[in-house]
Structures are given as structure tokens and as C-alpha cells.
Amino acid sequence: MTVPHVVAVDSADQAEPLTVDAAYARSLEAALTPSAIGPVGLEIESHLVNLGAVADPVPWDRVDPMPDAVCDAAGRSAITLEPGGQLELSGPPASDIATTVAELRDDGARARLALAELGLGVANVGADPLRPSRRVNPRPRYRAMEEHFAATGRGGPGAVMMNSTAAMQVNLEAGPESGWPERVARAHRLGPTMVAISASSPWLHGRDTGWRSARQRTWSRLDARTCGPVPGCVAPDTASDAGLDPASAWARYALRAPVAFVQTACGETAPVRESVPFEQWASGEVRLAGRVPTAADLDTHLTTLFPPVRLRGYLELRYLDMTAPRWWPAIAAVVTTLMDDPVAADLATEATEQAALLWTKAARRGLADEVLADSARRCVQIAAERVPAPLGAAVADLAELVESGRCPGDLLAERIEEIGPHAAFEELAHA
């Protein structure tokens, strides 16, 4: 992707007090970077599993040394570890979606073989269907976020989000500045339809949740000021922040979002145990850690915001469940084509008109909802005619599934009903 624009400051300025106006300006400039449309980046998260005991969490002493052993195998892709030990594979952006998928698929296959030599596997599914939501990563950031969620009344969904969910993130260029309002709005309008298509998390903690995407449901139970869609970007004609350009809407969102944690004078990461919007800290109305914020504090704060479409200089689409290798390349191809191909984008705008705000229905009912099913069928058909040839067969396979009114989560639920959650999870891990 184009390198995100970050306001240039030296180390001394990083420590200078930050006013509300300066925080707004910094957030505004970091939101979107003018660029040509084309390059695509992908990040895929998977649940790390002990192949010898799939129902048990993988302890940190087995997880921590693991990246060194598999990084070489993963080629150009970077490996990081999430709070619950989920493994994230982030491929560098490539010139088009077909190349991006091919490179990440190859890197992932090699990493999986390296993991198998350590007795570990990965399960590609939107939520861990079996194990409890337990943090294993001891990073101070994750401990502080866990304590922040608990103290502000969202400990349950916070724990699930951090430790039991896995997503595929599609990173797309911001494009020319003149097209930002429509491009960012399109990314949001596609959201519910793509949630319904990719839904792959019907079970959680060994129980059927009654939702197609328990992952998306979990995000909806967190603070909307931090994890909800950015007002002014979803439906500019009806939103409370109507008239704002996307970068301004993002800057306002960032300042209104509560601060999760701060650095103390002794260098420790301390959770914020009450709801304090960043603008209250910057205005001096509230003092956290006994001080006012700096540019470094704002930069950290921006990394704790998780809306379904995050502006990071480019567009990070965060609303897709991770799915099995059979499905995720096609899902990535569909959403990228509907965003980046001008003909497909125009057709998708019309196709998703009735479904554009159905986030909850998409997570609960998936393609069992008639409006979402119609939108999904149309969108996949549009994409099937425009995707790069190497991904044509995968998208055609996905189109058959969508035409049947089912999503990957429906197939997983059927398999769990046949053999039980433990055996189904083991099957995923050994795939």
C-alpha cells in the first residue's frame, strides 16, 4: 500500500503537549493518502492449535518462540501473534488481487508445514468454536486493553474479541482525493453483504450461538465510539455527521473515541478504567497518568480504534470472517473487485442499496435474510464477470454456495452437527 501519511515530528515534538486542534489536524492528515487504485494487501488471522490436544489453549511458552521458526518459511509475509495466540499472516501489497492471493496462499502453506513440525496447526474460522476466551499473549498492551474492557463494562465481548476471533483484512488504496467520499462510503455499503457472504463463526465456547457470525456480533457489543462504523462515512446523506469528508469524519471519530491505556511516567502501560474520550484528555478536562497527551499518545490511540473500515492512509476493510482456504481467496477477490473495478463498483452500489445498513441481520441470519441473499447473489455475479482469470474458478465456486443461500458458517454448523465441535475443530486444524 502507499505509505500512510503521518505528520512529521521529531522526537522532541513527540513529547510536547498536544492540543485538541493539533490532535484533530494530526488525525486528519493520517487518515487518507492520495494514491492510484490497484495495489492490494491482505492479512489473514488463524487460531493456533495444539495438534495433540486441540481443546486446550496453546501455552505462551510454545507460542512465543514459534515465529522465529516459521518466519523464514513464510517468505515475504510477516507473522504476528494476537492476544489469544491467534497467528496473523500479513502479506506485502502486490499489484493486483490475484498476485496478492497467490503469494499469501503460498506463504501460508509453507508456514503451516513449519508449524506442523512443531506439533501446531491453524484453524481458519471466524471464531474459535471450542475453547474458552483466554489471553495468552503477555504484552502490556493486551493486558491493559483487557483491563480497560472489564472496567468499562465490556469485559465479556472484549475477551471474545481479543482472544477468540479471527478475520481477514483487505487493504486497499485510498485512491484520488476527489473520489474519497464515494470510495469510503462504498466500502461501508458493501459491509453487511460481505459479512453475510463470509460469515464463518456460528459456534463459540462449545455452543451454537444462533448467529452466522459470532465474530461480527462480538464487535457490535463493544463501544461503538471505538468499534462502530465511522459516522459520516456510512451513509453521508443520513448520518449525524453528514457533510463531513471521510478524513474529517475519521478525525472527529478518533477524538471522540475513549482512550484504552496510557504510558505512565515510569514507562508502564496502564489501563484507563473509565470512559475518557481523547478530546477530553487533550482539552485538559481530564488528566490521564497525571499529564496531558502528546503526539505519541495520539498515534498509539489510533491503533486502538477498530471500526469495520479503518482509515490508515489506505482503507482497511475489517469486517470479513476468516474462512477456510477454499473460500477466503474468492471472498478477497469479490470485495476487491467490487471496490476497485469501476464498472463492478457502480453495479455493486445499486446491488447493495437495500442491504447497506443491515449489519446486525448479516451477522445473525447471513444469507437466510432475503434482502442480503439477493444483494450477495448480485454482487458475486458482478464480481465473477470482472475478477482476474486466475481467481475465476474460486469465485465460481463461491457463487454456487451463495446461490444455494448458504455461507461458510452454515457448512461448519452442519459439520459440527454431524461430528461434534471437538472433532470439527480438530478437522479444521488438520486441514
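Below, all heavy atoms of this structure are taken into account, side chains as well, without hydrogens, waters or symmetry copies.
Between the side chain of S46 and the main chain of N124, no donor-acceptor pair closer than 3.5 Å is present. In this structure, the side chain of T352 does not engage the main chain of A355 through any donor-acceptor pair within 3.5 Å. Here the side chain of T337 pairs no donor or acceptor atom with the backbone of D341 at under 3.5 angstrom. Although no hydrogens or angles enter the test, the distance criterion places a donor-acceptor pair under 3.5 Å between the side chain of R287 and the main chain of G290. Side-chain atoms of H47 do not come within 3.5 Å of backbone N or O of A123 as any donor-acceptor pair. The closest donor-acceptor contact from the side chain of S164 to the backbone of D128 lies at 3.5 Å or more, if one exists at all. A donor-acceptor pair under 3.5 Å is absent between the side-chain atoms of S213 and the main chain of A199, judged by distance alone. Formation of a donor-acceptor pair under 3.5 Å by the Q86 side chain with backbone atoms of M162 is found in this model. With hydrogens and angles disregarded, no donor-acceptor distance shorter than 3.5 Å links the side chain of W180 to the backbone of D245. Formation of a donor-acceptor pair under 3.5 Å by the H430 side chain with backbone atoms of E426 is found in this model.
What you find for C407 and R212 is that their closest heavy atoms are SG-CG, 4.0 Å. Scanning both residues, P231 and A249, for their nearest heavy atoms gives O-CB, 3.4 Å. Here the closest non-hydrogen pair linking A429 and R112 is O-NH2, 3.2 Å. For Y253 against G228, the heavy-atom pair with the smallest separation is OH-O, 2.9 Å. Listed here is the closest heavy atom pair of T152 and S275: CG2-N, 4.2 Å. When every heavy atom of I97 is checked against every heavy atom of A333, the shortest pair comes out as CG1-CA, 3.9 Å.
Every residue two or more places apart in sequence or in another chain that forms a salt bridge (charged side-chain N to carboxylate O under 4.0 Å, His left out) with E316 is listed here: R310, R312, R318.
One finds the CG atom of L118 at 11.0 Å from the CG atom of N50 (value rounded to the nearest 0.5 Å). Taken to the nearest 0.5 Å, the CG atom of L320 stands 5.5 Å off from the CE atom of M194. For the atom pair CZ (R183) and CE (M339), the distance works out to 4.0 Å, reported to the nearest 0.5 Å. Between atom CD of residue E279 and atom CZ of residue R256 there is a gap of 7.0 Å, rounded to the nearest 0.5 Å. A distance of 4.0 Å separates CH2 of W211 from CZ of R364, quoted to the nearest 0.5 Å. Taking OG1 of T226 as the reference point, atom CZ of F149 lies at 7.5 Å (rounded to 0.5 Å).
A salt bridge is defined here as a Lys NZ or Arg NE, NH1 or NH2 lying under 4.0 Å from an Asp or Glu carboxylate O, and D299 with R26 meets this definition. A salt bridge is absent between D410 and R406; no separation between the charged side-chain nitrogens and carboxylate oxygens falls under 4.0 Å.
In this structure, the side chains of D297 and L18 stay at 4.5 Å or more apart for every pair of heavy atoms. Proximity of E173 to D340: side-chain heavy atoms (C-beta onward) are nowhere separated by under 4.5 Å. Between L190 and T193 the shortest side-chain heavy-atom distance does not fall below 4.5 Å. Annotation: side chain of V125 is not in contact with side chain of T323 (no heavy-atom distance under 4.5 Å). Contact of the L357 side chain with the P192 side chain is not registered, since no non-hydrogen atoms from C-beta on lie closer than 4.5 Å. Looking at W60 and L81, their side chains come closer than 4.5 Å, going by heavy atoms from C-beta outward. Within the 4.5 Å cutoff, the side chain of S77 has no heavy atoms near those of the S90 side chain. M168 places none of its side-chain heavy atoms less than 4.5 Å from the side chain of E43.
Other residues, nucleotides and ligands contribute more than 12 heavy atoms inside 6.0 Å of the CD atom of E414. Atom CZ of R134 is surrounded by 12 or fewer heavy atoms from other residues, nucleotides or ligands within 6.0 Å.
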Requested in this report: Check step by step if side chain to side chain contact (heavy atoms under 4.5 Å, CB included) holds for I416 and F425.
Outcome: CA-CA 8 Å; I416 290 175; F425 192 53; over 6 Å; no

Query raised in the report: When you look at S220 and T360, which way does the side chain to side chain contact (heavy atoms under 4.5 Å, CB included) test go after all the steps?
Result: CA-CA 8 Å; S220 71; T360 301; 5.6 Å; no

Requested in this report: Dump the intermediate steps for side chain to side chain contact (heavy atoms under 4.5 Å, CB included) on Y24 and S248, then the final yes or no.
Outcome: CA-CA 8 Å; Y24 182 90; S248 298; 3.4 Å; yes

Query raised in the report: Between V54 and H422, does a side chain to side chain contact (heavy atoms under 4.5 Å, CB included) hold up when you go through it step by step?
Result: CA-CA 8 Å; V54 298; H422 186 286; 3.6 Å; yes

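Of the N and O atoms on the side chains of T294 and E16, not one donor lies less than 3.5 Å from an acceptor on the other residue. A donor-acceptor pair shorter than 3.5 Å cannot be found between the side chains of D321 and S198.
Aromatic pair Y319/W219: ring centres not closer than 6.0 Å.
Note on residues 263-305: pairs passing ring-ring contact (aromatic ring centres under 6.0 Å, His included), not counting sequence neighbours, are F278-W281, F278-H301.
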